[in-house]
Amino acid sequence: MKFISLSYLFLLLTSLSRKLLKVIVMFCLIITIALIFPTQAKSDSYLENSINLSLMYSGPVYNFGGGGLDIDSAIQWMINQVRGCNSCREKVDVIVIRDSGSDAYNRPILAMDGVDSVETLIISDRRDAQKHNIVDAIENAEVIFFAGGDQCQYLRNYRNTEVDKAVNSVIAKGGAVGGTSAGAMIQSNFVFNACSETVTSKTALNDPYEDISLDEGLFYRQKFQGTVIDTHFYERDRMGRLMTFVARLLRDGISDTALGIGIDEDTSLIVDKSGLAEVVGNGFVYFVLGDHLPEECNPQIPLTFSGFKIWKKGNGETFDLNHRPSIADYQVSVENGELDSSPY
């Protein structure tokens, strides 16, 4: 019996040694794979069971938020427009893009009707904006949403990158692209890049060139030619600086006519594939048209511009970007940096 016990003990130790060896080998293999194939970018995702119905995109459509509270119905509208139906079986994949922050959008968007998956991509430098896993995720989505943040960083990190191309490919296929605050400002034809000092209406009207740089936007959209978007509009009294952006586009010869779009907080502007824009939310959207050269728009000299044409639209009201009306709701002029009447 003693001999049998010793033999059994020897076999047991041998078996345990082999198992321990396997565990060590597997651990080393995992470490090696992690070192060779590191995580390519920060991302967070919540996924439902994928249905993958190979949707025929029904866009392109857009959703521009003015900051503050997001308008959930505007995001739901994008989803429904792309899948071409309401409360139906088809589902879409949504990508949220931001330069910093968290995955806070994932759960509320995933709870919306018709959403198959949501993934937040935190892309904080140009290297991440070139990586295949990031680009593939964007290209395979039907809906893209840019969170608020810093439009200067968005432009620096995404312009002329694979991310830039991937978002444009979603637009070209008829998907949806939206954003809020800085994420909305980068959507227009021209973008105030905010890479220098803070610009207020007062400083902009006093000197139309100080700390103001207007870059070409990231994305090409035929219906948004000559546009520039500003957000947090009424709350931060940004009418004067939007007027200055419009005047600059005209004076610098960038555009023959320029349309500023100012969006209040807690408000979204949704735009369908025909170019018809509708206001959704608690505030207003202001369309500010400059259709002639400013009388005075030069460095270190206050702005003078006669007759900005302005349309003020509230919840449910529309504005046709393809066929802009000839008669404005009202007009406001600027004389030596001073407005001649209330612009709101």
Side-chain angles (χ1 to χ4, degrees), residues 43-48 51 55 57-99 101-122 137-138 140-149 154 167 170-171 173-188 219 221 224 229 231-233 261 263-273 276-285 313-318:
S43 67
D44 300 284
S45 62
Y46 293 89
L47 301 175
E48 287 187 23
I51 294 179
L55 286 176
Y57 295 174
S58 299
V61 296
Y62 310 97
N63 166 28
F64 309 132
L69 295 176
D70 291 298
I71 306 301
D72 289 348
S73 62
I75 299 175
Q76 182 68 66
W77 177 87
M78 282 198 302
I79 294 164
N80 293 341
Q81 287 291 305
V82 170
R83 61 186 181 147
C85 57
N86 299 338
S87 302
C88 55
R89 185 165 174 263
E90 285 79 2
K91 293 193 174 187
V92 301
D93 298 306
V94 181
I95 291 290
V96 178
I97 298 176
R98 59 195 316 161
D99 68 312
S102 70
D103 63 348
Y105 275 102
N106 287 17
R107 290 192 181 277
I109 292 179
L110 187 59
M112 293 182 180
D113 183 49
V115 177
D116 184 38
S117 70
V118 184
E119 185 173 6
T120 292
L121 301 176
I122 302 174
I138 296 170
N140 291 328
E142 287 82 38
V143 177
I144 309 294
F145 188 83
F146 286 86
Y154 278 142
V167 174
V170 173
I171 296 170
K173 290 184 292 189
V177 177
T180 185
S181 189
M185 292 179 70
I186 62 172
Q187 311 281 341
S188 51
F219 315 117
R221 287 116 181 228
F224 296 93
I229 292 175
T231 56
H232 302 279
F233 199 66
I261 303 175
I263 308 172
D264 287 348
E265 292 180 3
D266 307 344
T267 308
S268 282
L269 183 70
I270 56 177
V271 184
D272 69 16
K273 62 182 179 182
L276 185 65
E278 180 180 345
V279 179
V280 182
N282 300 321
F284 295 92
V285 176
K313 302 296 182 182
N315 184 56
E317 295 186 299
T318 61

As a quick check of understanding, evaluate side chain to side chain contact (heavy atoms under 4.5 Å, CB included) for Ile75 and Val94, giving each step before the final call.
CA-CA 10 Å; Ile75 299 175; Val94 181; over 6 Å; no
So which atom in [X] and which in [Y] form the shortest heavy-atom distance, rounded to 0.1 Å?
| X | Y | answer |
| --- | --- | --- |
| Ala184 | Gly65 | CB-O, 3.4 Å |
| Val115 | Ile109 | CG2-O, 3.3 Å |
| Leu276 | Thr318 | CD1-CB, 3.9 Å |
| Gly281 | Asn315 | N-OD1, 3.1 Å |
| Val170 | Ala141 | CG2-O, 3.9 Å |
| Ile229 | Ser188 | N-OG, 3.2 Å |

Apply salt bridge (charged side-chain N to carboxylate O under 4.0 Å, His left out) to Asp72 and list each qualifying residue two or more places apart in sequence or on a separate chain.
none
Run the numbers on Ile263 and Phe233 for side chain to side chain contact (heavy atoms under 4.5 Å, CB included), then give the verdict.
CA-CA 5 Å; Ile263 308 172; Phe233 199 66; 5.5 Å; no
Can you tell if the side chain of [X] reaches within under 4.5 Å of the side chain of [Y], non-hydrogen atoms only?
| X | Y | value |
| --- | --- | --- |
| Asn282 | Leu69 | no |
| Trp77 | Val61 | yes |
| Thr231 | Phe64 | no |
| Asp93 | Asn140 | no |

What distance separates [X] [atom1] from [Y] [atom2], expressed to the nearest 0.5 Å?
| X | Y | atom1 | atom2 | value |
| --- | --- | --- | --- | --- |
| Ile261 | Phe224 | CD1 | CZ | 6.5 Å |
| Asn63 | Gln76 | CG | CD | 11.5 Å |
| Asn80 | Glu90 | CG | CD | 11.0 Å |
| Glu278 | Lys313 | CD | NZ | 11.5 Å |
| Ile97 | Glu119 | CD1 | CD | 10.5 Å |
| Asp99 | Leu121 | CG | CG | 12.5 Å |

Are Tyr62 and Leu269 close enough, and set up right, to give a side chain to side chain contact (heavy atoms under 4.5 Å, CB included), and what steps lead you there?
CA-CA 8 Å; Tyr62 310 97; Leu269 183 70; over 6 Å; no
Whether [X] side chain and [Y] backbone form a donor-acceptor pair below 3.5 Å:
| X | Y | value |
| --- | --- | --- |
| Glu317 | Val279 | no |
| Asp266 | Gly68 | no |
| Ser268 | Ile270 | no |
| Arg98 | Ala147 | no |

Applying side chain to side chain contact (heavy atoms under 4.5 Å, CB included) to Ile79 and Asp113, what does each step give before you reach the verdict?
CA-CA 8 Å; Ile79 294 164; Asp113 183 49; over 6 Å; no
What residues, two or more places apart in sequence or in another chain, satisfy ring pair (Phe, Tyr, Trp, His ring centres under 6.0 Å) together with Phe146?
Tyr154, Phe219
